[in-house]
Amino acid sequence: MIFHKYANPNRFLKLATTIQPWAAGATGLFFVTGLYFALLASPGDYQQGETVRIMYVHVPAAWMAMFCYTAMAMAAAVGLIWKHPVADLAARSTAPIGACFTFLALFTGSLWGKPMWGTWWVWDARLTSVLILFFLYLGYMALANAFDDPARGSKAAAILALVGAVNVPVIKFSVDWWNTLHQPASVVKIGGPAIHSSMLVPLILMALAFKAYYIWVLLIRIRGEINAGKIRALRLRQVHGGPPPIAARPSQGVN
Amino acid sequence: MVLFSGDNLRCFRGERTVFANLSFCCPGGGALLLRGPNGTGKSTLLRLMAGLLKAENGTIAWDGADIADEPEDHNGRLHYVGHADAVKPVLTVTENISFWAALRPQQAQISDALAAFGIDYLADVPGRFLSAGQKRRVTLARIIASPARIWLLDEPTTALDAGAIVDLQREIARHRANGGMVIASTHAEIGLADAEILNLDAFQLTEQAA
Amino acid sequence: METLWVYLQMGGHGGFIWASYGAVLVILFGLWLISRRFAGAVQTELAVLDRDRPHRQARQNRET
Amino acid sequence: MSGFWTIVRRDLKLAQRQGMDSYMVVAFFVIAVVLFPFGVGPEANILARISSGVIWVAALLAAMLSLERLFQIDFEDGSLELMALQPVPLEVVVMAKITAHWLTTGLPLLVATPLLAVFMNLPYEGFWVLVLTLAIGTPSLSLIGAIGAALILGSRRGGVLLSLLILPLYIPVLIFGVSAVDGAISGLSVKAHLLIMAGLLVAALPLCPWAGAGAIRQALET
């Protein structure tokens, strides 16, 4: 069996075109309902007041930050082990989305921290690990785009993503340890043990909106990457094809 | 009789198929000459034979066993001469050559290897003083300094003068007389008149098939 | 009018809350826009290349 | 195993003949640390408080300084692909190069540390623990850094990229190194810290050469 390089991407493109409108629709729907519940239909918290509304974007963004990294590492592993071309592109396309969510988690966390703790930033274990996660995303993106041959960038970045995935628990553990040694005094435990159902609804809706958004934008990006690959292949054929082949061997028909 | 062979190879590199349906076969004492215009994959094929690249499809075998199964064993029986000379400027010629020989199970006399390419007078000269042609001779002396069955030579005559090419011809003949194999991509005459010729132009994919 | 103002103030923390939601919307919309632009530009280029291909082949055929 | 030492000896010889590298790393280390009194002021107690952290961070940056060239030069002149074509497994080659890197950069840092500890007014109790944590920690830095050095081969912007890839991964080593010294100064037991650092090293010993060899293989595929 001859593995044709673009058989898979073409099938994927077809799949993507069917899913994409649904993902777009779901994103819009969840966003509108989520924002409605988050900003209008839910009460303020008795302890944190209205600032609790920041949680409805902050927590889902933090979830997505972790989720995207896991997805990226898994796609990278699939790309490395089974040499699946779409997996490489998926890993590569996930990184900027994950980085955006990570940035949002940090930014909204900071905006939440100011009224709650009276400071924009505390070196709390959770914030610190998310910050490092953000750096890992930046490193991945920089490496993936540092090569003239994008396939080479994807491979190098895939190894980095896996090394990072091994390191994330170690970093998390060490940051937790470090944080217990240098416990900042002002941290208020947020969330509390039981979360009220009126808060759960907007939280889940926003999480679903983010996830749908991820799928939607991911599909757009992968489609772009696949077509960019086709363009490079065509350009290379212009360069390397040279004069038309003299002897077209019969055994080399379309496989 | 041992056989170095490749079957139905297809190589995909830099987002294009370089060649496909390529097979080759080289017995002990044999020689294979790779021909074809630029970009048809001569270097690629040599790197594939060395095990630096993996074929998309097909296998390369030594004596029937896939070389990918025991890559270190395969490395032990081949010498590869690529475009770069790998001569360290701060090491002397002898140090340069003996480092590579020391990584291998069998070693010959370094002085003999130097003599074979007429650079014994350079033995203690650091690499940074060498001309391009002299560096090339050092690289070729490296493959004499430790015996190996397969020589993979990618344009070995680059920067060589006529005298050095004669030396190379003699060494290739000696290598083959001892049962060695030579696979080379070159347009120069290096004593491979009886070699089998593999024209890579014949293995290009046509536009609609690619 | 008054109630809208009270609502927007969010008990004094309106700035923080609206900034959070604003950042989310701006960044997510921006990323979507960039991704779409990239995909669109690539699609156009591919279409142009694909259109040119038959000509090139025809010319080559004539020459051989 | 003889292949391992052949490569270590060759890299040491190269480092010695090319000179500079080790001196540069130590000089950078010393100068970076000496900058801090100018930045935060010369009060002895403030310097003592930050000394362990400053020395560790400077050591980390200094170790990273020379990492870029760990594989780069061999990659450019074709030596790396020849090393991948020897009967020696590539993982052993990578391990040998890491060892040589540590001997030429990590070890000199260790030697310079006592001097800097005096400069920075490090309390006596933390002195030997600092040297010990650096002795356990710098090999981990070389090991982790080697992955980054292998990944940037053939990329457009090596050095800056390397720091972006590697520094986040260095954080655990930094945290345990510094907190061990701080613990020793405040009279706590540092055994747990040192054990964790040793654990990191033991985990990195097989994993990093393996990942580094993987990265080199894909770099050589071009």
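Sequence lines set the chain letters: A, B, ... in the order given, protein chains first and strands last, and positions in each chain run from 1.
In this structure, R69(D) places its CZ atom where only 12 or fewer heavy-atom neighbours from other residues, nucleotides or ligands lie under 6.0 Å away. Around CZ of F119(D), the count of heavy atoms belonging to other residues, nucleotides or ligands within 6.0 Å does not exceed 12.
Separating the CD atom in Q86(D) from the CG atom in L78(B) is a distance of 8.5 Å, to the nearest 0.5 Å. Distance check, rounded to the nearest 0.5 Å: CZ of R47(B) to CG of L220(D) gives 6.5 Å. To the nearest 0.5 Å, atom OG1 of residue T44(B) and atom CD of residue E221(D) are 11.5 Å apart. Interatomic distance, D85(B) CG to D77(D) CG, rounded to the nearest 0.5 Å: 9.0 Å. Atom OG of residue S98(B) and atom CZ of residue R10(D) lie 11.5 Å apart, to the nearest 0.5 angstrom. Distance check, rounded to the nearest 0.5 Å: CZ of R9(D) to CD of E95(B) gives 12.0 Å.
Shown here for T6(D) and F99(B), the closest heavy-atom pair between the two residues is CG2-CD1, 3.8 Å. Closest heavy-atom contact between Q18(D) and V90(B): CG-CG1, 3.9 Å.
A heavy-atom distance below 4.5 Å is not found between the side chains of V93(D) and L103(B). Between R142(B) and L82(D) there is a side-chain heavy-atom pair separated by less than 4.5 Å. By the 4.5 Å heavy-atom criterion applied to side chains, E72(B) and V88(D) are not counted as neighbours.
For K88(B) and D74(D), the salt-bridge test passes: some basic side-chain N is under 4.0 Å from an acidic carboxylate O.
For I73(D), the parts lying near chain B are the backbone and the side chain together; criterion is any non-hydrogen pair under 4.5 Å.
Within the 3.5 Å criterion, the main-chain N or O of P87(D) finds no donor-acceptor partner in the side chain of N75(B).
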